[in-house]
There are 2 protein chains.
Amino acid sequence: MPKRVDRHERRRLIADALMRVAARQGLEAVSLRHVATEAGVSPGLVQHYFRTKDEMMAFAMDVVRDRSQARITGAVSRLGEDPPPRHLLRTMLTALLPLTEESRADGRVALAFLAYTAVRPEAAAGTREGTGQLVDFVAGLLPASRRDAAAGVLALMEGLGLYLLGGQYTVEQALAALDTHLDSLYGPADGAPAR
Amino acid sequence: MPKRVDRHERRRLIADALMRVAARQGLEAVSLRHVATEAGVSPGLVQHYFRTKDEMMAFAMDVVRDRSQARITGAVSRLGEDPPPRHLLRTMLTALLPLTEESRADGRVALAFLAYTAVRPEAAAGTREGTGQLVDFVAGLLPASRRDAAAGVLALMEGLGLYLLGGQYTVEQALAALDTHLDSLYGPADGAPAR
DNA sequence: TCTTTTGCGATGCAGTTGCATTGCGAAAGA
DNA sequence: TCTTTCGCAATGCAACTGCATCGCAAAAGA
C-alpha cells in the first residue's frame, strides 16, 4: 500500500475551516472553494475527502455536536466529585451559552445549522434524541417536586443563547436571568453558589 | 404623469413571495429569479422594485417584524378589556410561538433571518430595541416581586419556539413548559406546587 | 527495479447568481 | 395628436457554484 493518511483527521481539518467560514460569513458563503482556501488546501482535496457538499455539511454538523458535547463534559469534569445539583446544572448551562468570543463563533455556526436543518428535516437526525436525553438528565438534577421544569430550563438556556448572539441581552443580563430562574426552581436563594 | 402604481403594495407582493421561498427552502434558495417565479412576475420587475438584493432582504425582514407584531396585537385585541395579567401574557407568548402550520412557516423564516443577521450585525438594527420594549412590557405584567423574571420569560418563549421548529418538543410539551413556568411566577394556580 | 495503488492537483463544464443595460408600450399632460 | 415619463420585460455578462474527469507523483509491495 502507498502513502497512508489519517483520513478522519483530514476531514476534521476541512470541517474546521468550514466552521470558521460559517462563523464569519454564514452558511451561504460556504462553498467548496471558500472552504479549501480557508483550510489552505486545494479545492480538489476537499472534493477528495467529501464526495458531495451535503456530505461535508453533515460531517461538519457532527463536529459541531461533538464540540458542544465536549464543552459540557469538559466543564463538568472540572468540577469536583459530587457537586451540588444546582451548581452542576448551572455549570452545564453556562458551558452551552455563547459567553466568550470563541463560543459565540460556535454559537453562530450552530444557529446557521439550525436554520439549515429547519428546512431539511432529514438532516436533523441526531439532534432530536440528544435533547431528549438532556431533558431527562436535567430533570434528575432538579428538586423532586420540580422535575417537570426540566424542558423549560433547557428552552430558557437556548433562548438566552439566541438573545446573546443577537445582541439583545448582555452577558450579565443573560446570567442574571438564568440565576433568577434557578432561584425559583431550587427555592429562595441564600446558600446558592455564584450570584 | 403616466401609469400610477401602488409601489409599496408591489414590494409587499414580492416580499411575500420571498418569505414563501425562504420558508420552504431556506434563505439560500432566495434569488432574484426564484422569488420572481414564486411571485409570478418577471425577474425584471423584482429588480425594478429592489435595486439590490440586500434592499429586498431588508424590506422582507421588516415585513417579518410587522407580521409578528400584528400577531401580538391581533391576539391581544381579541381579549376583552383589562384581562388578567397572566392571561394577557400567556396570550402574547402563545401568539409568538410557532404552533400552527402557518406560524411555523413564519418561524422558519424568522429563524433564517436570525442566522442571517447574526453574521451581518448592521442588518439587525430594528430587532434590538424591539425586544427591549417587550421586556419592559412583560415586566409590567408580572407580580411586583418577580419583575426581574421578564427577560427570562421571553428567552423561555424563544427557546420553546426553537425546539418546536426543530421538532424536539411537541406543541403539548412546549405549552406545558410554558404553563409550568407561569405557575412558578404567579404562584400555584390550585393544587400545583410552586417551589 | 518495476508495478500497483493511493493522495491529490488541475482543468473543464453546465448551470446559476446578482446586476447593468437597453428597449418598448402605455398612459397622462401638452 | 404629440410628447414625455413611468412601468416593466428582455438580454447580456462576468463571477461563481457543485461536480466529473483526467493525470501525475509518491510510496509500498513484488
Side-chain angles (χ1 to χ4, degrees), chain A residues 1-22 24-61 112-113 115-117 119-120 122-123, chain B residues 1-61 109 112-113 115-117 119-120 122-123:
Chain A
M1 282 183 182
K3 202 167 28 165
R4 292 296 296 168
V5 166
D6 184 339
R7 186 172 173 80
H8 188 73
E9 193 212 307
R10 293 275 155 126
R11 285 164 73 103
R12 273 205 71 117
L13 185 99
I14 295 171
D16 281 349
L18 187 158
M19 288 167 60
R20 263 176 279 138
V21 172
R24 212 183 317 124
Q25 302 162 271
L27 270 194
E28 313 160 0
V30 169
S31 72
L32 293 186
R33 286 167 247 250
H34 272 156
V35 172
T37 306
E38 174 73 30
V41 302
S42 80
L45 189 142
V46 174
Q47 277 193 267
H48 182 74
Y49 284 100
F50 297 103
R51 301 217 308 243
T52 146
K53 188 188 174 182
D54 283 346
E55 194 183 317
M56 179 172 70
M57 296 292 247
F59 184 85
M61 289 186 55
F113 274 120
Y116 182 82
T117 55
V119 161
R120 290 170 192 75
E122 76 280 5
Chain B
M1 281 180 180
K3 206 169 14 169
R4 293 289 298 168
V5 166
D6 185 340
R7 186 172 173 81
H8 188 73
E9 193 210 308
R10 294 275 157 125
R11 285 164 73 103
R12 274 205 71 116
L13 185 99
I14 296 172
D16 281 349
L18 187 156
M19 288 168 60
R20 265 176 277 139
V21 173
R24 212 182 316 123
Q25 302 162 269
L27 270 194
E28 312 160 0
V30 169
S31 72
L32 293 186
R33 287 168 245 251
H34 273 156
V35 171
T37 305
E38 174 72 31
V41 302
S42 79
L45 189 143
V46 174
Q47 277 191 266
H48 181 74
Y49 283 100
F50 298 103
R51 300 218 308 245
T52 145
K53 188 187 175 183
D54 283 346
E55 194 183 317
M56 180 173 69
M57 297 291 247
F59 184 85
M61 289 186 55
V109 178
F113 274 121
Y116 182 81
T117 55
V119 160
R120 291 170 192 74
E122 77 279 3

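We name chains A, B, ... by the order of the sequence lines, and we start the count at 1 in each one.
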Among residues 6-31 of chain B, which ones have heavy-atom contacts with DNA chain C below 4.0 Å? Val30(B), Ser31(B)

Can you tell me the distance, in whole Å, between the [atom1] atom of [X] and the [atom2] atom of [N]?
| X | N | atom1 | atom2 | result |
| --- | --- | --- | --- | --- |
| Leu32(A) | dG18(D) | CG | P | 4 Å |
| Gln47(A) | dG9(C) | CD | C1' | 11 Å |
| Phe50(A) | dC19(D) | CZ | P | 13 Å |
| Tyr49(A) | dC8(C) | OH | C1' | 8 Å |
| Asp54(A) | dG18(D) | CG | P | 10 Å |
| Leu45(A) | dC8(C) | CG | P | 5 Å |
| Arg51(B) | dC8(D) | CZ | P | 17 Å |

Just by distance, do the side chain of Arg11(A) and the backbone of Tyr49(A) share a donor-acceptor pair under 3.5 Å?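 Checked: pair present.
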
Both Arg33(A) and His48(A) contact DNA chain C. Taking the nearest nucleotide for each, which residue is further toward the 5' end? His48(A)

Please list, one pair per line, the donor and acceptor atoms closer than 3.5 Å that link side chains of residues 16-25 of chain B to other protein atoms, with sequence neighbours excluded.
from, atom 1, to, atom 2, distance (Å)
Arg20(B), NH1, Glu38(B), OE2, 2.7
Arg24(B), NH2, Glu38(B), OE1, 2.7
Arg24(B), NH2, Glu38(B), OE2, 3.2

Among dG7(D), dA9(D), dT17(C), which is the nearest nucleotide to the side chain of His34(B)? dT17(C)

Of all the nucleotides listed (dC8(D), dC19(C), dC19(D)), which has the minimum atom distance to the side chain of Ser42(B)? dC8(D)

Which atom of Ala36(B) lies closest to which atom of Val46(B), heavy atoms considered: CB-CG2, 3.6 Å

Mind listing the closest non-hydrogen atom pair of Ala115(A) and Ala112(B) along with its distance?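 Nearest heavy atoms, Ala115(A) then Ala112(B): CB-CA, 4.0 Å.
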
Any salt bridge between Lys53(B) and Glu28(A), counting N to O under 4.0 Å?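 Salt bridge: no.
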
For Arg7(A), look at atom CZ and say whether over 12 heavy atoms of other residues, nucleotides or ligands are found less than 6.0 Å away.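 Yes, the 6.0 Å shell around CZ holds more than 12 heavy atoms from other groups.
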
Minimum side-chain heavy-atom gap Thr117(B)-Met61(B) below 4.5 Å: yes

Can you check whether Thr52(A) has a side-chain N or O nearer than 4.0 Å to OP1 or OP2 of dG18(D)?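 So the side-chain polar atoms of Thr52(A) never come under 4.0 Å of the phosphate oxygens OP1 or OP2 of dG18(D).
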
